[in-house]
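See below for the structure under consideration.
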There are 2 protein chains.
Amino acid sequence: MVDDVTRYPLTGRFLMGRTRHAMREREKELLESSITEVAEYDRSHLVLVRGELAERSTLLIEGYMLRTIEEHGRRYIVGFHVPGDFVDLHAYALKRLDHDIVTLGPAKVGIVPHERIGHIHENEPHLSRLFWFSTLLDAAIQRQWTLKLEQLKASRRVAHRFSEVWRRLEMVGLARSNGFRTPLNQTDLADMCGTTSIHMNRALSELRREDVVEFRRGLVIARDRSRLESFGDFNPDYLYGGGPLGVQHELDGTD
Amino acid sequence: MVDDVTRYPLTGRFLMGRTRHAMREREKELLESSITEVAEYDRSHLVLVRGELAERSTLLIEGYMLRTIEEHGRRYIVGFHVPGDFVDLHAYALKRLDHDIVTLGPAKVGIVPHERIGHIHENEPHLSRLFWFSTLLDAAIQRQWTLKLEQLKASRRVAHRFSEVWRRLEMVGLARSNGFRTPLNQTDLADMCGTTSIHMNRALSELRREDVVEFRRGLVIARDRSRLESFGDFNPDYLYGGGPLGVQHELDGTD
DNA sequence: CGTTGAATTGACACCGTTCAACGACAGTGG
DNA sequence: CCACTGTCGTTGAACGGTGTCAATTCAACG
């Protein structure tokens, strides 16, 4: 898979760790060549605005992106993306989004016109099914967020988020052995976990005190990863990475 | 649209109030004929189990269905479906789900083998795009749940849920002018809103006391609908029903 | 008319918000 | 080099929202 990142520098991480192995070589080439433009954005760059008619979608190459909704003067983060994610592919079928797409830190993205996606959708059923899968994967992650918001208190929620991001980064080959780096600050974390930055601060110091995980200036470090994951009640199945839900072989053959 | 329900008694409510107008007559016929079996289930019937390989999907014709996750001896409701919803269409691309699909009250469903969906996916790009849209609509609803869990207290969350279900029923022609009927009980509502049944009870009596909405034995009645919706901070845009996000004309023409 | 499941109520502890204030640090310009 | 400034992180105290346990009432149904 490391090979794919060098061979397909723009799209090599798409579905990596999931069903990328089901992609044929010509599909990988087709996807890579569908990117008509590469852009580098600063932090907090608004890529797609809620309600705006979308005519292209964005595949994240480097950095992080968020899905945000601003309401009552407060920003809520309803999605988090790592390299390899086809961030707003769903805009192809929805046309207009109910949320904003925004960069977190500086980010490098590939842009795919909907015309190209339409062509793939009409002529490449196997690849287009993988596209569909990828948007449903985002939905599964969303579902898990809903679940964890319902059942965990703030400190466990952060632990869950950290566990998730760590795994997702690992799947695309971007995690360290003892943690990961992210431009998130405590306010961002609060906006992701449905709490206030003040309470997030207390939650983080609880995690530090209990030796679950350490968060400092965008560096997440855990001495014992399994301790972090069990504190956050994290079960990676919903990431569809090869566990009991993973699509191991079903999508392999011809469609 | 009432016409569609009589002409297509099984699938006439699919995407009704959304992009159904973009469906061609032969697509409606094709969908109707894709249902190879109609089943009637009792309440709490398990239609699809988490982790199980799915080979067919279920379109809800009458009644209600839920997406649930059981963890730590408690059940969490992460999705709610009304007639016309293609409840587990996403199982076509995901193969295995991370949650259960279950009936709430008694329900009548149409079953579509994935073979048929595969045929449509490969040969009917326009219809298959509407399928994709429908799964993304579920995702948008999920996103809104995440948002409201983050920002509202329990009593306002219920008000939001009531507003949503009311609108969704209305879209498929099944609401009353002053409310709607549902087999939900207070425990179900609690499981949907991420709270306990005891607290849900207090939330409901607050809503009654404040004259926002009345919930009794599965009957939801509001004297003033706009009061309910504003109390629940409800904005129907995310339901893609013709407001600013609705796909009014884009999907009309040939694909 | 008794049984059963659902709804209701009170008391109490914990979780989380809010407001206000303070501390740590990096970047900037004098 | 230092003072200034802004952002981010930290802390305390008061208050409101929610979970928990236990007990009671209510409605439906055989």
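Naming: A, B, ... by sequence-line order, numbering from 1 per chain. Nothing here was measured: the structure is a model prediction, and the numbers come from that model.
Going from atom CG of Asn201(B) over to atom C1' of dT8(C) covers 5 Å, rounded to whole Å. When rounded to the nearest whole Å, the span between CE of Met200(A) and P of dT7(D) equals 21 Å. Taking atom NE2 of residue His199(B) and atom C1' of nucleotide dT8(C), one finds them 14 Å apart after rounding to whole Å. In this structure, Arg156(B) atom CZ and dG16(D) atom C1' are separated by 14 Å, rounded to whole Å. In this entry the distance linking CD of Gln151(B) with C1' of dT18(C) reads 18 Å, nearest Å.
The side chain of Thr196(B) contributes an N or O atom lying less than 4.0 Å from OP1 or OP2 of dG19(D). Within the 4.0 Å cut-off from OP1 or OP2 of dA28(D), at least one side-chain nitrogen or oxygen of Arg217(B) is found. Taking only side-chain nitrogens and oxygens, Gln186(A) never comes nearer than 4.0 Å to OP1 or OP2 of dT7(D). Remark: Thr195(B) is in phosphate contact with dG19(D), judged by side-chain N or O atoms under 4.0 Å from OP1 or OP2. Arg74(B) has no side-chain polar atom (N or O) that falls below the 4.0 Å cut-off from OP1 or OP2 of dG19(D).
Ser163(B) and Glu229(B) form no side-chain donor-acceptor contact under 3.5 Å, judged by distance and modelled atom types alone.
In this structure, Phe80(A) and Tyr64(A) have tilted ring planes: the angle between them lies in the 30° to 60° band. Ring geometry for His160(B) against Tyr238(B) counts as parallel: the plane angle stays under 30°, on a 0 to 90° scale with 60° as the upper cut.
Rounded to 10 degrees, the angle separating the terminal axes of the helix from dC1(C)-dG30(D) to dG30(C)-dC1(D) is 30°, with each axis obtained from five end pairs.
A cation-pi arrangement, defined by a distance under 6.0 Å to the six-membered ring centre and an angle within 45 degrees of its axis, is absent between Arg161(A) and Trp166(A).
Centroid-to-centroid, the aromatic rings of Phe162(A) and Phe215(A) come within less than 6.0 Å.
Nearest to the side-chain atoms of Ile198(B) among the listed nucleotides dA28(D), dG12(D), dT9(C) stands dT9(C). For Asn185(B), whose side chain is taken as the heavy atoms from C-beta onward, the closest listed nucleotide among dG19(D), dA7(C), dT17(C) is dA7(C). Taking every side-chain heavy atom of Arg202(B) into account, dT9(C) is the closest of dC8(D), dT10(D), dT9(C). In this structure, the nucleotide among dA6(C), dT10(D), dT20(D) sitting nearest to the side chain of Arg216(A) is dT10(D). Closest to the side chain of Lys153(A), out of dG17(D), dG16(C), dT9(C), is dG16(C).
Within 6.0 Å of CZ in Arg225(B) there are more than 12 heavy atoms belonging to other residues, nucleotides or ligands.
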> What's the verdict on side-chain contact (heavy atoms from CB on, under 4.5 Å) for His81(B) and Asp138(B), showing C-alpha distance, side-chain angles and the deciding distance?
Replying inline: CA-CA 9 Å; His81(B) 289 283; Asp138(B) 290 340; 3.6 Å; yes

